Amino acid sequence: MARYYLTTPIYYVNDVPHLGTAYTTIVADALARYHRLRGHDTRFLTGTDEHGQKIEEAAAAKGVEVKAFVDAASAAFRAAWPPLNIENDDFVRTTERRHIEVVQDLWRKCQENGFIYEGTYEGLYCVGCEGYYTEKELTQTPAGMLCPLGTHKPVERVKEPSFFFKLSAFEKRLLDFYEKNPGFVSPESRRNEVMSFVKGGLQDLSVSRTSFKWGIPVPGNEKHVMYVWFDALTNYLSALGAPGSSLHSRFWPPDVHLVGKDILRFHTIYWPAFLMAAGYADAELPRKVFVHGWLTINGQKMSKSLRNVVEPIKLAEVFGADVVRFYLLREVAFGQDGDFSHAQLINRYNSELADSLGNLLNRTLGLCQKLRPSGAALARGAEGELEQKLAEQARTALLGSIASWDEIAPHRAIDSTWVLIRAANKYIDESAPWAEAKKASPEGTARVDAILATALETLRWISVLIWPVMPDVSTKIRQQLGMSAIAPKQGEDVLVMHWEPRSDTSGLAVGTPVFPKIDADRQAEIFTALGLSEVVAEKAPEPVKPGKQPRAVIEPASEITYEDFAKLDLRVGRVVSCERVPKSDKLLKCMIDLGEPTPRQVVAGIGKSFTPEGLVGKQVTVVFNLKPAKLMGQESRGMILAAAGESEADLALIAPEKDRPVGTRVK
RNA sequence: GCCGGAGUAGCUCAGAUGGUUAGAGCGGGCGUUUCAUACGCGCUAGGUCGGGGGUUCGAUUCCCUCCUCCGGCACCA
């Protein structure tokens, strides 16, 4: 019997469950449900990643024991999934005994095989932040290299004993593996990315630390704890128990790891290399890493400062878990970036769920109720071309769904299903059972039987096809059809075409609409309940495509209040030094005197318009309170204002008309 | 800069190993049915398939080049 083992990343407990983590987990759940429908022996794993310096610090900041801190945080993740109709088979924690033992075992194997050795980690260390930085991250000043964060104190070059993983030894073998297993990294663009990275050469990895304690001790040298990734990645293995255990032999290797693009490298390079080092053969390595994109919220990046972090549980409370699942899986082409928009969710809900599917169920049951009393027999025999065509379309939808799920393309599977739903609505229009009933002839009677039976059979199939995405809805529909909920069994493939129109109307029950339509009033209620502003509720203005039009006619940004404006802290600064960011054609790294104790580093994308020499000494306007960001590895704290021109080589600096003291506020 | 990916109707996207009228959904417009949650169905988008050049009987689909956007360029999760 086929089996299927799939995983989400384990989520770092320094964060809370949000739409991004919910998204990955929902996809995984739907995929798991698809395989259960196929009768596959399915294992769906998720969990939490709980070690590391950041956790240690976060607990300390809260003044709680680290263990208590991670217990609570992990519980929050565990509790987040059931309300979204997510049914994972296991939930692994990196602080569990079963995990720690397997990780240490894997480590030992790597070490015995000569791929872990002791050395010295040399890095630039900031005493103030107790953290290492790479050279690129640091602020370069005449006074030396400064820590990019917090105190801006000078960093020190520090040596720390460390274990290293001999990643360099796996360059060739990894490339061979990618070559022989073209599907290992999906989508393909990610595969290219990984391969070119590996071709560029691999350096050994520092895999242990002595500078903090909250981690898995290195076997035989307890001064060291393992550095996060060796620990975290191994969850996929440890959750199955020690090699040789029954779960392990039943499910290893994983069929797919679903991951976000931020952790691509760890899953496609480090993880297989760790396993290779421990002695795993190519055939025992994970079969696929599927990389998906990011979600934006109403067109904006998710961020705490924008206060647009969507709480998935709250959404599920308002819309229902299945609706949220449907929307996310339907809207986003899996693998690509996508946008979560409340307005768009409601659009899709109304048109696809309420109007197309909900109404199809409702009108079909209504027809049955009107034309045939409950329990009436539905005679066979009057089926014709229309029925044949619909059955064929059901078959197409089924095959299309299967193919799409197998490719991990939920949006396409849903699309296939909705083609069938539209066909069913069309079928009812074309077959017009109400007109046949009026004929009051034996032929008409027979046609009504055939039509109702066909429509009901189509709905039965739809209830199957939507189950991976909307299990509760499927059950509700089946209740109204007088059928029991879908309960997949191992070894029984439900997704096999059996077109068997029923022979009576017993058990049918016109119920309350599965998807009550969301009208304007209800929408307003929902937005209020979710705490969304009117701006979000209104249709977002269409983004303007960059074109040849004069910039001056660009759509205005949405209206803001004075308070919004007052949040901006704009200051006059003077460029004290400036250089090009290596490997970038438009980024300039400027040190700007803003009246602070030390000049501040701002990276600006104005290098096509200005030379570093030309900027030094100039006054500029700087967004003073912009959240620091990293551009090409360079810390940037603020941005330089410039007016757009014909092109990127035609920018105009916005600066005070006469010299002002540095640090002057611009209002 | 180097390496990848992408640029198709107002929006979101399909698609073609080169070939008669380039597709779907949504939105907009028009029409129509009545079983239904004012729902469904039909018609409608006149899109230089990013610009230019080339190969070809023929290219949006192949090649070159340019423009724009996105991602990657490591021990950062």
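Only a predicted model underlies this, so the values are computations on that prediction, with no experimental measurement involved. In what follows, chains are A, B, ... by sequence order, proteins preceding strands, each numbered from 1.
The phosphate of A36(B) has OP1 or OP2 within less than 4.0 Å of a side-chain N or O from K370(A). Taking only side-chain nitrogens and oxygens, K517(A) never comes nearer than 4.0 Å to OP1 or OP2 of A38(B). Distances shown here put a side-chain N or O of K426(A) below 4.0 Å from the OP1 or OP2 atom of G42(B). Side-chain nitrogen and oxygen atoms of R422(A) include none within less than 4.0 Å of the OP1 or OP2 phosphate oxygen of A24(B). Side-chain N/O atoms of R412(A) include one lying less than 4.0 angstrom from OP1 or OP2 on G15(B).
Here the separation of G19(B) from C62(B), taken at their C1' atoms, is 14 Å to the nearest Å. Across U55(B) and C13(B), the matching P atoms stand 36 Å from one another, rounded to whole Å.
By the 4.0 Å N-to-carboxylate-O rule, E407(A) lies too far from R412(A) to be salt-bridged with it.
Here the P atom of nucleotide C73(B) and the NZ atom of K261(A) are 12 Å apart, to the nearest Å. Rounded to an integer number of Å, the gap from CZ of R348(A) to C1' of A24(B) is 12 Å. Protein atom CG of L386(A) is 15 Å distant from nucleotide atom P of C41(B), rounded to whole Å.
Within 4.0 Å (heavy atoms only), Y227(A) reaches sugar-phosphate atoms of the nucleic acid but no base atom. Nucleic acid contact for N359(A): base, since at least one base atom lies under 4.0 Å from a heavy atom of the residue. Residue L361(A) is out of contact with every strand shown, counting any heavy-atom pair closer than 4.0 Å. No contact: E430(A) has no heavy atom under 4.0 Å from any strand. Residue-level contact check: P513(A) touches the bases, meaning some heavy atom is under 4.0 Å from a base atom. Within the nucleic acid shown, V514(A) comes within 4.0 Å of at least one base atom, counting heavy atoms only. Looking at heavy-atom distances under 4.0 Å, G338(A) makes no contact with the nucleic acid at all.
Looking only at atom types and distance, the side chain of S162(A) has no donor-acceptor partner in the side chain of Y227(A) under 3.5 Å away.
Taking the salt bridge (Lys or Arg N to Asp or Glu O under 4.0 Å) definition, one finds that K54(A) meets it with nothing, sequence neighbours left out. For A169(A), the side-chain contact (heavy atoms from CB on, under 4.5 Å) criterion is met by F115(A), K166(A), not counting sequence neighbours. In this view, E387(A) and E383(A), Y427(A), R447(A), I451(A), T454(A) satisfy the side-chain contact (heavy atoms from CB on, under 4.5 Å) rule, not counting sequence neighbours. Listed by chain and number, the residues in a side-chain contact (heavy atoms from CB on, under 4.5 Å) with D449(A) are R372(A), L378(A), A379(A) (sequence neighbours excluded).
Not a single donor-acceptor contact under 3.5 angstrom links the side-chain atoms of E193(A) to the base of C73(B). Looking at N362(A), its side chain has no donor and acceptor atom pair within 3.5 Å of the base of A36(B).
A side-chain hydrogen bond (donor to acceptor under 3.5 Å, both in side chains) check over residues 263-275 of chain A, counting only residues at least two apart or in different chains, returns the pairs Y236(A)-H267(A), H257(A)-W271(A).
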Pairing pattern in dot-bracket form [Watson-Crick, G-U; both distances under 3.5 Å; | = partner strand] for RNA chain B: (((((((..((((.....[...)))).(((((.......))))).....(((((..]....))))))))))))....
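In summary, of the residues considered (W107(A), W229(A), F274(A)), a ring pair (Phe, Tyr, Trp, His ring centres under 6.0 Å) with F165(A) occurs for F274(A) alone.
Between Y12(A) and Y270(A), the one whose closest nucleotide on RNA chain B sits nearer the 5' end is Y270(A).
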